[in-house]
Amino acid sequence: QVQLVESGGGLVQPGDSMTLSCAASGRTFTRGSMGWFRQVPGKDREFVAAVSWRNPFYADSVKGRFTISSDDAKNTVHLQMNSLNTEDTAVYYCAAGSRSYSIVAFEYDTWGQGTQVTVSS
């Protein structure tokens, strides 16, 4: 059973940067995906970025602004978010699942508790 613990999040101004981290304990998937989704009230959970087979992939809305990385043990991922704007405001969830290159929430099995990212002036 994989447990995900998130850190980071908070309030920043437009144009600022923020880094989110997610540490996994227990069993991790070597062929699956680990990354981030975000959600605002009343909306579906939206894919942000993930890593499969040590390869990162991103939603179009964050390409060029966000960078996902993992450590050598493959048990921690980081999301470096640059050039944040108000549309990035959401609860960000770390997620892990067994399917490779998954961008849909229902294919992920394990979720963190979420961390609020608010971009506001």
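Atom set for the values below is all heavy atoms of this structure, side chains included, hydrogens, waters and symmetry mates excluded. Residue numbers run from 1 in the order of the sequence given.
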Given side chains that start at C-beta, do those of [X] and [Y] come closer than 4.5 Å, heavy atoms only?
| X | Y | result |
| --- | --- | --- |
| Q3 | T110 | no |
| L4 | Y93 | no |
| M81 | V117 | yes |
| T67 | P56 | no |

Looking at every heavy atom in both [X] and [Y], which two are closest together, and how far apart are they?
| X | Y | answer |
| --- | --- | --- |
| G114 | V91 | CA-CG1, 3.9 Å |
| Q39 | K43 | NE2-O, 3.0 Å |
| N82 | S17 | OD1-OG, 2.8 Å |

- Task: Answer yes or no: is there a donor N or O on one side and an acceptor on the other, between the side chain of E6 and the main chain of Q113, under 3.5 Å?
- Result: yes
- Answer yes if V119 and L11 sit in the same cluster of Ile, Leu, Val, Met, Phe, Trp and Tyr residues linked by side chain heavy atoms under 4.5 Å apart, and no otherwise. no
- Message: Could you go through Y58 and F66, starting from their C-alpha distance and side-chain angles, then the distance that decides it, and tell me whether this counts as ring-ring contact (aromatic ring centres under 6.0 Å, His included)?
- Response: CA-CA 8 Å; Y58 302 91; F66 291 10; 8.2 Å; no
For the atom pair [atom1] ([X]) and [atom2] ([Y]), what is the distance rounded to the nearest 0.5 Å?
| X | Y | atom1 | atom2 | result |
| --- | --- | --- | --- | --- |
| S70 | N55 | OG | CG | 9.5 Å |
| R38 | R45 | CZ | CZ | 13.5 Å |
| D88 | S61 | CG | OG | 7.5 Å |

- Evaluate side-chain contact (heavy atoms from CB on, under 4.5 Å) for M34 paired with V51, printing each intermediate quantity in order. CA-CA 5 Å; M34 186 172 176; V51 178; 5.6 Å; no
- side-chain hydrogen bond (donor to acceptor under 3.5 Å, both in side chains), paired with S52, selected from S100, S33, S102: S33
- Carefully, step by step, assess C94 and W36 under the rule side-chain contact (heavy atoms from CB on, under 4.5 Å). CA-CA 5 Å; C94 183; W36 298 89; 3.9 Å; yes
- Item | Audit row: S120, T89, side-chain contact (heavy atoms from CB on, under 4.5 Å) steps and yes/no | CA-CA 8 Å; S120 176; T89 296; 5.9 Å; no
- Item | Short side-chain donor-acceptor distance under 3.5 Å, S121 and Q13 |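 Result is no, nothing qualifies.
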- Query: Which one of N75, V77, I68 satisfies the side chain to side chain contact (heavy atoms under 4.5 Å, CB included) criterion with C22?
  - Reply: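 Option passing the side chain to side chain contact (heavy atoms under 4.5 Å, CB included) with C22: V77.
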- Query: Are Y108 and F37 near enough that their ring centres are under 6.0 Å apart?
  - Reply: yes
